[in-house]
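One structure is given below, encoded as structure tokens.
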Amino acid sequence: MDIEEQLKLLNKPAVKTIQTEYGDIYDCIDFYKQPAFDHPLLKNHSFYPEMKPSFIDDKRASAKLLPPEMEISVLKLKDGGCPKGTVPIRRVSKDDLMRMKLHSKQYDSPINLDYPKPNAGNHKRAKSAIYNGVYGRLSIYNCHVGAFEYTSGEVIIQNGRENIKAGWMVNPTLYKDNRTHRFIYTNSRGSHCFNILCSGFVAVRHDIPVDVAYDGPVSTRGQRSAVDDYIILKDKVTGNWWLEAGQDHIQIGFWPKQLFQELAQQASFIACGGEVYSPNQSYPPMGSGFFPIKNTFYDAFCANFDIIDQEYQFVRVEHAQEFADSSAYRVQDIERTRLGHLVLYGGPNK
């Protein structure tokens, strides 16, 4: 698909346009015209605005209590966001798209059991089993990275070569700034992209974009921890993979089952931790930009690291395996704390 054709698919006619205080422009697109439905496997879908997952009324873990030393940002567009029946889609220019496509091509490295360069990742993964989801409370940081680099904290689910990631990211190539944003990454049927640059992820909120910037506080090493909750959970009725975020576990959207082959079933691999990328032989800062010292006031972390098991129960991960591919970064694991299963990770720029 050429650039002009892809721009038309991404930039649909808007019902309303919202510009954030940072200059990001979001177009309010009719739910049924959002880029997700340009995917050929979703042409005859039966999805609708304000969809909810079937597990919303199930017995499930309530939102984890927030310790007094932590705070969480509320990420919503101003003035109530878009009108109901529409979803906010970030406007993309031709220069944006060309830059993003180059970045995506360079970053062509789906997570697998052998983490390929030029990425570096420090995660804790649950031992092989069958999973219906993953939950992690991530501390949010804002380390500086160079052009075409990024640093992130994330949760991951995977089966075979297909995977889904969600979390926070500093990525000046993707976002045209050095702020910390939410992100998703989709790798299905050999196609991969960040956020909604390839069709498939279905947004359901009219007031929370999937790639929204954190406009509240981020973590300050040695002072406070700003956190955000991330859950990727399989719908037991439809088989769709839902993304929930924030302390109240707000449903942001979902990946339809039809997008996947291996992940059309459950996941066989889950992980929580940090990842960096550079096209050069350098190592951007990960997490807080420092090696972990087993102190959440100073370390980047994934707290309350849980799996969602075959019975759809939230269960603390036990006997996690370290998954690191570079000595430039470190990861530490503490299974039983007041913050649940705790994964600490990070490292400085080299």
Side-chain angles (χ1 to χ4, degrees), residues 31 34-37 39 42 45 47 49-56 58 60-61 63-64 72-77 81 87-90 111 131-138 140 152-159 162-169 180-188 192-214 227-260 263-264 266-267 270-272 302 304-308 312 314:
F31 173 86
Q34 64 176 293
F37 301 135
H39 197 291
L42 302 182
H45 71 87
F47 308 135
E50 307 295 334
M51 276 187 68
K52 297 291 183 182
S54 63
F55 54 75
I56 195 67
D58 290 355
R60 51 178 303 192
K64 307 284 187 181
I72 196 163
S73 298
V74 178
L75 302 178
K76 292 187 177 181
L77 294 176
V87 293
I89 303 296
R90 186 184 182 94
I111 295 288
Y131 308 108
N132 284 310
V134 61
Y135 167 73
R137 171 167 285 169
L138 301 173
I140 312 300
S152 66
E154 61 197 15
V155 295
I156 306 170
I157 65 165
Q158 178 170 319
N159 193 349
E162 293 185 328
N163 60 63
I164 296 170
K165 308 180 197 176
W168 62 265
M169 172 179 284
T180 306
H181 292 250
R182 280 182 177 163
F183 84 97
I184 60 171
Y185 178 81
T186 309
N187 175 27
S188 67
H192 63 95
C193 71
F194 289 103
N195 300 331
I196 54 103
L197 291 178
C198 52
S199 54
F201 181 82
V202 179
V204 299
R205 292 288 304 199
H206 65 89
D207 54 351
I208 308 177
V210 71
D211 54 1
V212 65
Y214 286 90
V227 298
D228 202 2
D229 291 5
Y230 286 90
I231 302 174
I232 302 174
L233 178 58
K234 187 178 181 66
D235 191 309
K236 66 172 65 176
V237 174
T238 65
N240 301 328
W241 290 98
W242 279 85
L243 171 65
E244 298 184 347
Q247 190 185 10
D248 295 327
H249 297 179
I250 296 171
Q251 287 90 32
I252 306 299
F254 61 92
W255 293 267
K257 177 181 179 180
Q258 299 95 308
L259 298 179
F260 302 101
L263 270 177
Q266 289 99 336
I270 65 166
C272 190
C302 171
N304 301 113
F305 182 25
D306 287 353
I307 64 168
I308 294 90
Y312 283 82
F314 283 61

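Throughout, residue positions are numbered sequentially from 1 according to the sequence presented. Owing to the predicted nature of the structure, the values given are computational and were not obtained by experimental measurement.
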Given 3.5 Å as the limit, does a donor-acceptor pair link the side chain of Asp211 with the main chain of Phe183, or not?
no

Under the 3.5 angstrom rule, does the side chain of Asn159 hit a backbone N or O of Gln266 as a donor-acceptor pair?
yes

Of all heavy-atom pairs linking Leu75 and Ala213, the shortest is CD2-O, 3.7 Å

How long is the straight-line distance from CD1 of Ile157 back to CG of Leu233, given to the nearest 0.5 Å?
9.0 Å

Please check: side-chain N/O of Asn195 versus main-chain N/O of Leu197, any donor-acceptor pairing under 3.5 Å?
no

Going through the distances and angles, do Ile208 and Arg182 end up as a side-chain contact (heavy atoms from CB on, under 4.5 Å)?
CA-CA 10 Å; Ile208 308 177; Arg182 280 182 177 163; 3.7 Å; yes

Search all heavy atoms of Pro53 against all heavy atoms of Asp235 and return the closest pair with its distance.
CA-OD2, 3.4 Å

Check whether Ser152 reaches the backbone of Glu154 with its side chain - one donor and one acceptor, N or O, closer than 3.5 Å.
no

Pick from Asn132, Ile307, Asp306, Val155: which one makes a side-chain contact (heavy atoms from CB on, under 4.5 Å) with Ile270?
Ile307

Are Ile164 and Ser188 close enough, and set up right, to give a side-chain contact (heavy atoms from CB on, under 4.5 Å), and what steps lead you there?
CA-CA 8 Å; Ile164 296 170; Ser188 67; over 6 Å; no

Once you round to the nearest 0.5 Å, how far does OH of Tyr230 lie from CD1 of Ile184?
11.0 Å

Ignoring hydrogens and geometry, is there a side-chain-to-backbone donor-acceptor pair from Asn240 to Lys257 under 3.5 Å?
yes

So how far is it from Ile231 CD1 to Asp229 CG, rounded to the nearest 0.5 Å?
6.5 Å

Mind checking the CG-CD1 spacing from Leu243 to Ile252? Nearest 0.5 Å is all I need.
6.0 Å

Show the nearest heavy-atom pair for residues Trp242 and Gly253, with the distance to one decimal.
CE3-O, 3.3 Å

Closest non-hydrogen atom pair between Trp241 and Phe260, with its separation:
CD1-CE1, 4.1 Å

Parallel, tilted or perpendicular: ring planes of Phe201 versus Trp255, cut at 30 and 60 degrees:
perpendicular

Decide yes or no for Tyr312 and Lys234: does some side-chain heavy atom of the first lie under 4.5 Å from some side-chain heavy atom of the second?
yes

Between the main-chain N or O of Leu263 and the side-chain N or O of Glu162, is there a donor-acceptor pair closer than 3.5 Å?
yes

Indicate yes or no for a side-chain donor-acceptor contact from Gln34 to the backbone of Ala203 under 3.5 Å, with no hydrogens or angles considered.
yes

Could you go through the side-chain contact (heavy atoms from CB on, under 4.5 Å) check for His249 and Tyr135 one step at a time?
CA-CA 10 Å; His249 297 179; Tyr135 167 73; 3.7 Å; yes

dist Leu259:CG -> Leu42:CG (nearest 0.5 Å) comes out at 5.0 Å

Please assess Ile250 against Arg205 for the test side-chain contact (heavy atoms from CB on, under 4.5 Å), listing each intermediate value before the final yes or no.
CA-CA 9 Å; Ile250 296 171; Arg205 292 288 304 199; 3.5 Å; yes

Just by distance, do the side chain of Lys165 and the backbone of Gly153 share a donor-acceptor pair under 3.5 Å?
no

Rounded to the nearest 0.5 Å, what's the gap from CD1 on Ile196 to CD1 on Ile89? Could you check?
5.0 Å

Measure the acute angle between the ring planes of His192 and Tyr185, then classify it against the limits of 30° and 60° as parallel, tilted or perpendicular.
tilted

